[in-house]
Visitor: 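Starting off with a structure, shown below.
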Amino acid sequence: MDDPDGALHQISTDACCALRKTEVLETALDGFDAWITGRKRFQSGTRAEVEFFEAEGGHRLKINPLAHWARDDLEDYIVNNRLPLHPLVAKGYPSIGCAPCTSPVKEGEDPRAGRWRGTEKTECGIHFIDGKMVRFPQEDAA
Ligand code: SF4
């Protein structure tokens with residue numbers, strides 16, 4: 001209803017991510033004290049400082065149990081647990097986002113280089129402080 005042509009990402013990726021991801025997630029997380037993500041330090045420069053626990057304002061805890069996993073840890077886990085590889089990884093997509101905003105990544109590039117390529121946007125903005133969405137990375141973030 002709010003994006004009848006499905007073209008909002010061409011006008012404003014921030015507005016599109018807010019509509020489709022961040023606001024919906026915030027609604028889903030309402031009433032919860034904590035949530036768990038799969039973010040890992042090796043994924044990109046903006047995630048290089050990810051810790052196991054992050055305070056989201058004074059009201060919620062974000063837990064990143066895989067924060068210190070390296071790419072080798074991930075690959076070992078996949079092999080040891082006989083997990084199937086996502087077919088798009090073999091096609092050059094080590095990080096998979098929405099189709100309009102994700103492109104293949106070349107050898108040696110940051111795994112998330114294909115996300116919003118050509119723009120300064122690096123995260124969808126799923127970060128909340130005091131109930132409000134906060135765009136990351138922040139220069140003054142601790
Ligand atoms: S990643 Fe792109 S298509 Fe997906 S919600 Fe964000 S702007 Fe929209």
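We count ligands from 1, going down the list as the structure has it; atoms in each ligand are counted the same way.
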Visitor: Could you report the tightest heavy-atom contact between Val24 and Leu19, atom names first, then the distance?
Guide: CG2-O, 3.4 Å
Visitor: Salt-bridge test for Arg60 and Glu54: reply yes if a basic N is under 4.0 Å from a carboxylate O, no otherwise.
Guide: no
Visitor: Would you say the side-chain atoms of Asp73 pair up with the backbone N or O of Ala70, donor to acceptor, closer than 3.5 Å?
Guide: yes
Visitor: Quick check: do Trp35 and Leu25 have side-chain heavy atoms less than 4.5 Å from each other?
Guide: yes
Visitor: Can Arg20 and Asp3 be counted as an ion pair, charged N to O under 4.0 angstrom?
Guide: yes
Visitor: Any sub-3.5 Å donor-acceptor pair from Arg41's side-chain atoms to Val50's backbone N or O?
Guide: yes
Visitor: What are the protein N, O or S atoms, given as residue plus atom name, that sit under 2.8 Å from atom 4 (Fe) of ligand 1?
Guide: Cys98 SG
